[in-house]
Amino acid sequence: AQSVTQLGSHVSVSEGALVLLRCNYSSSVPPYLFWYVQYPNQGLQLLLKYTSAATLVKGINGFEAEFKKSETSFHLTKPSAHMSDAAEYFCAVSEGTSYDKVIFGPGTSLSVIP
Amino acid sequence: EAQVTQNPRYLITVTGKKLTVTCSQNMNHEYMSWYRQDPGLGLRQIYYSMNVEVTDKGDVPEGYKVSRKEKRNFPLILESPSPNQTSLYFCATQGAGNTIYFGEGSWLTVV
């Protein structure tokens, strides 16, 4: 069975500092991996997605994530935090076949301190 | 514009009073689902539908019903709501490659 863990339910960074949100997954088959962002009072929207092409995936708003099979990780990074990055971030995993169930992690709330 | 639209966005109801949350999509996706979001638990799938007239239970189906009579609509029905169903609900579609497209969410409070 697949699962996702996100280390740290709350992360605070200073504006301009590096953002690092951690995600580890378990999957018995090559996975699809996702990061979603949820701004206050909104639905979730896709930040980026890994589907077995390049291991370094670039997303919207300057975010990127690296798939590391040996570490079963898919950490999300952004070189310089912006106030507008404050949101809830969810990592998710599915098997690498279309229309497979997607499993979400518990989420990490990112605060950006001016 | 590709959209998943759900209504109502906010609802306070009383225990036992049946309610329906509607969901409609314009992306022509066959796969639709309902999730609930609770603090510390992430999103949990309630029900999903891979096609018209085909529905199946997700992880937390108890107390909920769904129907899929046409491709674009997938309503969520709470026949007899209870306080433990107070939550934030999302309707979603899932496209090829498993990308999920979410509605804006429906805040439901059961008192």
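For the numbers below, each heavy atom of this structure counts, side chains included, while hydrogens, waters and symmetry mates do not. Letters A, B, ... mirror the listed sequences (proteins, then strands); counts begin at 1. In this text, all values refer to a predicted model and were calculated from it rather than measured experimentally.
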(request) Side chain from CB out, backbone as N, CA, C, O: work out which of these in A:L46 comes under 4.5 Å of a heavy atom of chain B, or both, or neither. (result) side chain
(message) At a 4.5 Å cut-off on heavy atoms, which part of B:R44 comes close to chain A: side chain, backbone, both, or neither?
(response) neither
(request) Could you please state which residues from residues 56-66 of chain A sit under 4.5 angstrom from chain B, measuring non-hydrogen atom to non-hydrogen atom, sorted by number, or 'none'? (result) none
(request) To the nearest 0.5 Å, tell me how far B:S49 OG sits from B:D56 CG. (result) 9.5 Å
(request) Side chain from CB out, backbone as N, CA, C, O: work out which of these in B:E30 comes under 4.5 Å of a heavy atom of chain A, or both, or neither. (result) neither
(request) Sort by residue number and list every member of residues 94-111 of chain B having a non-hydrogen atom under 4.5 Å from chain A. (result) B:Q94, B:G95, B:A96, B:G97, B:N98, B:T99, B:I100, B:F102, B:G103, B:E104, B:W107
(request) Kindly say whether A:F74 contributes a backbone atom to a donor-acceptor pair with the side chain of A:W35 at under 3.5 angstrom? (result) yes
(request) With rounding to the nearest 0.5 Å, note down the distance linking CZ in A:R22 to OG in A:S73. (result) 9.0 Å
(request) Check whether any side-chain N or O of B:Q25 sits under 3.5 Å from a backbone N or O of B:M27 as a donor-acceptor pair, and report yes or no. (result) yes
(request) For B:F74 and B:S67, work out which heavy atoms get closest and say how close. (result) CD1-O, 3.3 Å
(message) Quick check on A:Q6 against chain B: is it the side chain, the backbone, both or neither that has a heavy atom closer than 4.5 Å?
(response) neither
(request) With rounding to the nearest 0.5 Å, note down the distance linking CZ in B:R36 to CG in B:L76. (result) 10.5 Å
(request) Could you tell me whether the side chain of A:Q45 reaches within less than 4.5 Å of the side chain of A:Y39, counting heavy atoms only? (result) yes
(message) Once rounded to the nearest 0.5 Å, what's the spacing between atom NE2 of A:H10 and atom OG1 of A:T108?
(response) 9.0 Å
(request) State, to 0.1 Å, how close A:S3 and A:I103 come at their nearest heavy-atom pair, and which atoms those are. (result) CA-CG2, 4.4 Å
(request) Please state whether the side chain, the backbone, both or neither of B:Q6 comes within less than 4.5 Å of a heavy atom of chain A. (result) neither
(message) Taking B:S87's backbone N and O only, do any of them form a donor-acceptor pair with B:D38's side chain (distance below 3.5 Å, no angle check)?
(response) no
(message) Let me confirm one number: the OH-OH distance from B:Y35 to B:Y48, rounded to the nearest 0.5 Å.
(response) 10.5 Å
(request) First locate atom CG of A:L20, then atom NZ of A:K78, and finally report the distance between them rounded to the nearest 0.5 Å. (result) 14.0 Å
